[in-house]
2 protein chains.
Amino acid sequence: MAKTDVLTLAILGILREQPLHGYQIRKRLGAELGPFRALSYGSLYPGLRRMVDAGLIEASGEEPTGASPASSRRARIAYSLTDAGRTRLSEELANAGASSWDDDAFDVRFSLFSHTDAATRLRILEGRRSRLSERLEEVSDGLKRMHERHDAYTAELQRHGLEQVEREVAWLDQLIENERSARGGENNGSAPADH
Amino acid sequence: MAKTDVLTLAILGILREQPLHGYQIRKRLGAELGPFRALSYGSLYPGLRRMVDAGLIEASGEEPTGASPASSRRARIAYSLTDAGRTRLSEELANAGASSWDDDAFDVRFSLFSHTDAATRLRILEGRRSRLSERLEEVSDGLKRMHERHDAYTAELQRHGLEQVEREVAWLDQLIENERSARGGENNGSAPADH
DNA sequence: AACAGTTATATCGCTCCGATACATCGGGAA
DNA sequence: TTCCCGATGTATCGGAGCGATATAACTGTT
């Protein structure tokens with residue numbers, strides 16, 4: 001099973017319902033994942049080309065139309081999933097390995113949770129949680145060990161970082177609890193935090 | 001004034017006091033900035049080379065010692081700032097432009113705040129704050145505009161993102177307040193959040 | 001004496017990003 | 001009406017970054 005990078009997964013996910021232009025893919029992704037994680041054209045177009053070459057998507061668009069009527073219609077290329085692409089997406093949605101809860105992958109995976117089965121969702125949330133716990137220890141160890149190097153700003157930066165990770169963990173705990181208490185009901189997904 | 005990338009600035013900052021080996025630079029940076037922002041060797045060594053070529057640092061280390069005693073001593077290269085490097089660091093510490101509060105640059109700049117004068121500190125904190133405010137609006141606009149596309153997980157991801165940025169802003173507000181109330185006292189720096 | 005872990009330098013292939021260029025289209029101001 | 005602006009749209013280039021990997025000496029533990 002060829003490994004799928006985050007960009008590929010995100011695009012497979014976004015093309016799941018309708019074919020879209022490169023430009024639209026970028027906008028949607030930016031809207032769903034937030035203004036951070038904003039994908040640049042320098043990654044998008046080469047990425048699309050790679051996916052076409054791999055047979056995951058196909059360009060079903062108006063070609064440049066070399067010799068054409070009055071104003072030569074410009075290329076507007078809509079990309080859609082191939083069968084292989086759809087298969088790959090399913091495989092990837094069933095995958096609950098480390099690649100699903102890594103820093104850069106987790107939010108993409110999370111944004112696709114309504115198409116992921118309950119058990120996998122739980123595994124991913126727990127994986128992410130334990131990953132962050134490791135970090136928590138690293139940082140607080142580091143904080144302790146540097147007790148006597150007193151640079152107030154550096155210390156504050158660290159304290160703040162620690163706090164952020166702690167809150168992230170709390171968020172995950174909430175989500176995990178929600179998932180757990182939803183078991184026994186439906187096994188399809190659509191009810192995260194009540195807040 | 002040649003532009004200085006974040007990596008260069010971070011290294012200039014860390015070499016400010018003592019010469020260090022590449023390996024040590026990496027460890028220190030990881031400790032001061034947290035386990036995220038962990039610099040890879042694939043960036044570090046080429047980066048050091050660039051800085052040597054630019055004359056900002058120099059390699060004052062035991063050379064490979066081609067023909068030597070028994071067990072050929074391995075190269076252990078300590079890098080130290082040149083005068084040009086020291087000058088560049090000062091220039092950069094006085095710079096309070098957008099490049100100081102960008103996503104990837106802000107924490108490096110912040111970690112050097114005790115070597116930054118009070119006015120510049122304030123300008124950077126305010127710049128960072130306004131950058132985050134823009135994002136805040138983008139995200140909450142996006143949240144409003146997507147009211148009827150109801151994917152609970154996507155919405156939750158967004159809500160959480162919004163919350164994070166809000167907290168980041170609150171943190172900055174606290175720091176700004178501290179800086180402001182410290183004016184009139186000493187103008188050198190070492191007293192951030194009382195918390 | 002063997003093994004594991006840390007210190008240490010270095011490169012390869014690939015991906016990613018920012019900047020930039022170009023072209024079309026719709027709408028509102030002049 | 002014309003003109004220009006902003007959004008839509010595709011595309012590439014150079015450089016910087018990363019993950020994986022190779023090599024090797026030193027240090028401490030069993």
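All heavy atoms count here, side chains included; hydrogens, waters and symmetry mates do not. Everything numeric here is computed off the predicted structure, so don't read it as measured data.
Checking side-chain atoms of B/R88 against main-chain N and O of B/G85 turns up no donor-acceptor pair under 3.5 Å. B/S100 places a side-chain N or O within donor-acceptor distance of the main-chain N or O of B/N95, the cut-off being under 3.5 Å.
Out of C/dC17, C/dA10, D/dC18, the shortest distance to the side chain of A/S43 is found at C/dC17. Closest contact between the side chain of B/Y23 and the listed nucleotides C/dT11, D/dG17, C/dA8 involves C/dA8. Comparing C/dT7, D/dG9, D/dC18 against the side chain of A/R76 picks out D/dG9 as the nearest. Nearest to the side-chain atoms of B/L7 among the listed nucleotides D/dT10, D/dC18, D/dG17 stands D/dG17. For A/Y45, whose side chain is taken as the heavy atoms from C-beta onward, the closest listed nucleotide among C/dC17, C/dA10, D/dA11 is D/dA11. Out of C/dA10, D/dG17, C/dC16, the shortest distance to the side chain of B/Y41 is found at C/dA10.
Put simply, CG on B/L48 is 14 Å from C1' on C/dT11, counting in whole angstrom units. Between A/H21 atom NE2 and D/dG9 atom P the separation is 6 Å, expressed in whole Å. The separation between A/D104 atom CG and D/dG19 atom P is 8 Å, rounded to whole Å. If you measure from atom CZ of A/R26 to atom C1' of D/dT8, you get 12 Å, rounded to the nearest angstrom. Rounded to an integer number of Å, the gap from A/R49 CZ to C/dC14 P is 16 Å. The interatomic distance linking A/R28 (CZ) with D/dG9 (P) rounds to 11 Å, in whole Å. One interatomic measurement links the two molecules: CE of A/M51 to C1' of C/dT15, which rounds to 15 Å at whole-angstrom precision. When the P atom of D/dT21 is taken as reference, atom CG of B/L44 falls 20 Å away, rounded to whole Å.
Terminal axes of the helix from C/dA1-D/dT30 to C/dA30-D/dT1 (five pairs each, C1' rotation axis) are separated by 30°, to the nearest 10°.
Considering every non-hydrogen atom in both A/S60 and A/S80, the closest pair reads OG-OG, 3.8 Å.
Tested against B/D103, the residues B/R37, B/R135, B/R109 include a single salt bridge (charged side-chain N to carboxylate O under 4.0 Å, His left out) partner, B/R135.
Comparing B/K27 and B/Y79, the nucleotide of DNA chain C nearest to each residue sits closer to the 5' end for B/K27.
Using a 30° and 60° split on the angle between ring planes, B/Y153 and A/F110 fall in the perpendicular class, above 60°. The aromatic rings of B/Y41 and B/Y23 lie parallel to each other, their planes meeting at an angle below 30°, with 60° marking the opposite boundary.
Distances shorter than 4.0 Å separate some side-chain N or O of A/Q24 from OP1 or OP2 on D/dG9.
Take A/D173 and apply the salt bridge (Lys or Arg N to Asp or Glu O under 4.0 Å) test, not counting sequence neighbours, and it matches A/R129.
Counting non-hydrogen atoms of other residues, nucleotides and ligands closer than 6.0 Å to CD of A/E137 gives a total of 12 or fewer.
The residue A/R50 sits close only to the backbone: its heavy atoms come under 4.0 Å of sugar-phosphate atoms, none of a base. Residue contacts for A/G22: at a heavy-atom cut-off of 4.0 Å it reaches the sugar-phosphate backbone alone, with no base atom in range.
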